[in-house]
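Working notes, structure below.
Order of the sequence lines sets the chain letters (A, B, ...), proteins ahead of strands, with each chain counted from 1.
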There are 2 protein chains.
Amino acid sequence: MTTDVAVDTRTRLLATALRLFTEHGVEGTSLQMIADALGVTKAAVYYHFKTKDEITEAVAEPALRELSRLVDAASQLRRPGARIDHILEGIVDLVLRNRVLVGVLFTDPGIGRAVERSLHGEMNLIGRIHDLLCGPDADAATMVATHVALAGVAMAGGSPTLAELDDETLRTHLLATARRVLGRRHRP
Amino acid sequence: MTTDVAVDTRTRLLATALRLFTEHGVEGTSLQMIADALGVTKAAVYYHFKTKDEITEAVAEPALRELSRLVDAASQLRRPGARIDHILEGIVDLVLRNRVLVGVLFTDPGIGRAVERSLHGEMNLIGRIHDLLCGPDADAATMVATHVALAGVAMAGGSPTLAELDDETLRTHLLATARRVLGRRHRP
DNA sequence: GTCTATACAACGATAGAC
DNA sequence: GTCTATCGTTGTATAGAC
């Protein structure tokens, strides 16, 4: 049975890792630094996670699982328009609630590879979102617009330049911009 | 005086580095791999570049210098509209002519940090482009739209999913999308 | 089950010989 | 301009204490 201490150490480890990642980047954060910040040995870190990649994946995992659930929920909506609205609002919301993580995820190197495995790999989130937003047989214009909207929302949400904007302001403008890119009318 | 052999070795080194970066990522490419591919020693590589970061910067430098010149040229145009058009078309063109590099630059870790130094650092390209596109005292809506447009164009241009689209098709749709994001009419 | 101690090959980087 | 030799540190790995 997993003890409370173990759970706590694992949780603290992930929180510490995220903090160090935002400060020094994934490449710039060594297992030694994480271990020192926790007051344990490098090998103790290695006990909880077999590789450094496992740590970066675990840091990003909660947000990715949420995104996966969002896509599932959107898939079950009947009207294509409702699907697009649901996924667009969900992604903007997800980005806003993870601004720090998203910032690391897209500006900083390192975590990108680990995330890409989830995005293009087993979950194939990118593919599923793409299909949901522009259908299976979309023309080039729609595909490009979808890419610009998704990448733009994600990177703008994590941008240091826009960090000064409060959540509600950023949400409003991200949604409006994304809807304009995808050619959807402004919502009532 | 720099001999022809030295210039050639340096040039071959950068070409080899870019190729290995696209294949294995920046993190996944060691100086040993670059040296082996060139048929020299790791220390020989160090003669041409003092650090690994210097190599990644040198790989990205031509594109960044081009971007800098583009911003300079746009700055000297009188009409704000003409400035925006010039910089938008220039960026799309630049992204298209460097699809491979841009792909590495934004999906792969490692090179990002080196590039960010140029983008936010001495040249402050991001800041200058931002000012050119939305002026010094822009509202939140314009700032968000500008961010989405820039990030979206850059990432969509390097996206593996859109790699199948030919240059002309991608150029047309990237430009149209970016203009729509920024609220500019489609050009005649 | 949780951690420390220890070791190892590979890495980026440096010094000095040719 | 390129080499050999070497450094400190990294990620990874195992053995064994509690």
Side-chain angles (χ1 to χ4, degrees), chain A residues 1-21 23-60 104 108-117, chain B residues 1-21 23-60 104 108-117:
Chain A
M1 163 177 117
T2 316
T3 74
D4 285 358
V5 175
V7 171
D8 187 57
T9 301
R10 214 190 115 103
T11 306
R12 281 197 313 140
L13 200 158
L14 289 179
T16 303
L18 176 57
R19 180 173 56 81
L20 291 174
F21 286 170
E23 288 173 14
H24 312 102
V26 176
E27 284 190 276
T29 304
S30 67
L31 297 185
Q32 192 68 63
M33 291 166 69
I34 298 176
D36 289 349
L38 285 170
V40 294
T41 320
K42 205 169 58 163
V45 173
Y46 199 77
Y47 167 76
H48 292 282
F49 300 93
K50 267 181 266 300
T51 68
K52 190 181 179 182
D53 269 17
E54 247 184 48
I55 299 181
T56 66
E57 283 176 25
V59 166
V104 181
D108 185 291
I111 206 168
R113 292 236 151 231
V115 167
E116 250 178 68
R117 259 192 298 276
Chain B
M1 165 178 119
T2 315
T3 73
D4 284 359
V5 175
V7 170
D8 188 57
T9 301
R10 214 190 114 103
T11 305
R12 281 196 316 139
L13 200 159
L14 288 179
T16 304
L18 176 56
R19 181 173 56 80
L20 291 174
F21 286 171
E23 289 173 14
H24 312 101
V26 176
E27 283 189 275
T29 303
S30 69
L31 297 183
Q32 192 68 65
M33 291 166 68
I34 298 176
D36 289 350
L38 285 171
V40 294
T41 319
K42 204 169 57 163
V45 173
Y46 266 101
Y47 169 76
H48 293 280
F49 299 94
K50 268 181 264 299
T51 67
K52 190 182 179 181
D53 269 17
E54 245 184 50
I55 298 181
T56 66
E57 283 176 26
V59 165
V104 181
D108 184 291
I111 205 167
R113 292 239 151 229
V115 168
E116 250 178 69
R117 259 191 300 275

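Between A:His48 and the phosphate of C:dG1, there is no side-chain N or O to OP1/OP2 separation shorter than 4.0 Å. Put simply, A:Thr9 has a side-chain N or O that comes within less than 4.0 Å of OP1 or OP2 on C:dC3. For the pair B:Thr41 and D:dC3, the criterion of a side-chain N or O lying under 4.0 Å from OP1 or OP2 is met.
Across the protein-nucleic acid pair, A:Glu54 atom CD and D:dT12 atom C1' stand 12 Å apart, rounded to whole Å. Protein atom NZ of A:Lys50 is 11 Å distant from nucleotide atom P of D:dT14, rounded to whole Å. Between the OH atom of A:Tyr46 and the C1' atom of D:dT14 there is a distance of 10 Å, given to the nearest Å. In this structure, A:Ile34 atom CD1 and D:dT10 atom C1' are separated by 12 Å, rounded to whole Å. Whole-Å rounding puts the A:Gln32 CD to C:dC11 C1' distance at 16 Å. Summarising the geometry, the separation between CZ on A:Phe49 and C1' on C:dC3 is reported as 15 Å, rounded to the nearest angstrom. With rounding to whole Å, B:Glu27 atom CD is found 10 Å from D:dG11 atom P. Put simply, OH on B:Tyr47 is 15 Å from C1' on C:dC18, counting in whole angstrom units.
Among the atoms of the strands shown, only primed sugar atoms or phosphate atoms (P, OP1, OP2) are found under 4.0 Å from some heavy atom of B:Ser30. Across all strands, A:Leu31 comes closer than 4.0 Å to base atoms (heavy-atom distances). Residue contacts shown for A:Lys42 include a base, since a base heavy atom lies under 4.0 Å away.
Annotation: the span from B:Leu20 atom CG to B:Leu31 atom CG amounts to 11.0 Å, rounded to 0.5 Å. Taken from CG in B:Leu18 to OG1 in B:Thr56, the straight-line distance is 11.5 Å, to the nearest 0.5 Å. The OG1 atom of B:Thr16 lies 5.5 Å from the CZ atom of B:Arg19; values are rounded to the nearest 0.5 Å.
For the pair A:Leu13 and A:Phe49, the minimum side-chain heavy-atom distance is below 4.5 Å. Counting only heavy atoms from C-beta outward, the side chains of B:Ile55 and B:Val45 approach each other to under 4.5 Å.
Sequence order on DNA chain C of the closest nucleotides to A:Gly39 and B:Thr29 puts A:Gly39 first from the 5' end.
Picking from C:dC3, D:dC3, D:dT14 the nucleotide with the shortest atom distance to the side chain of A:Ala43 gives D:dT14.
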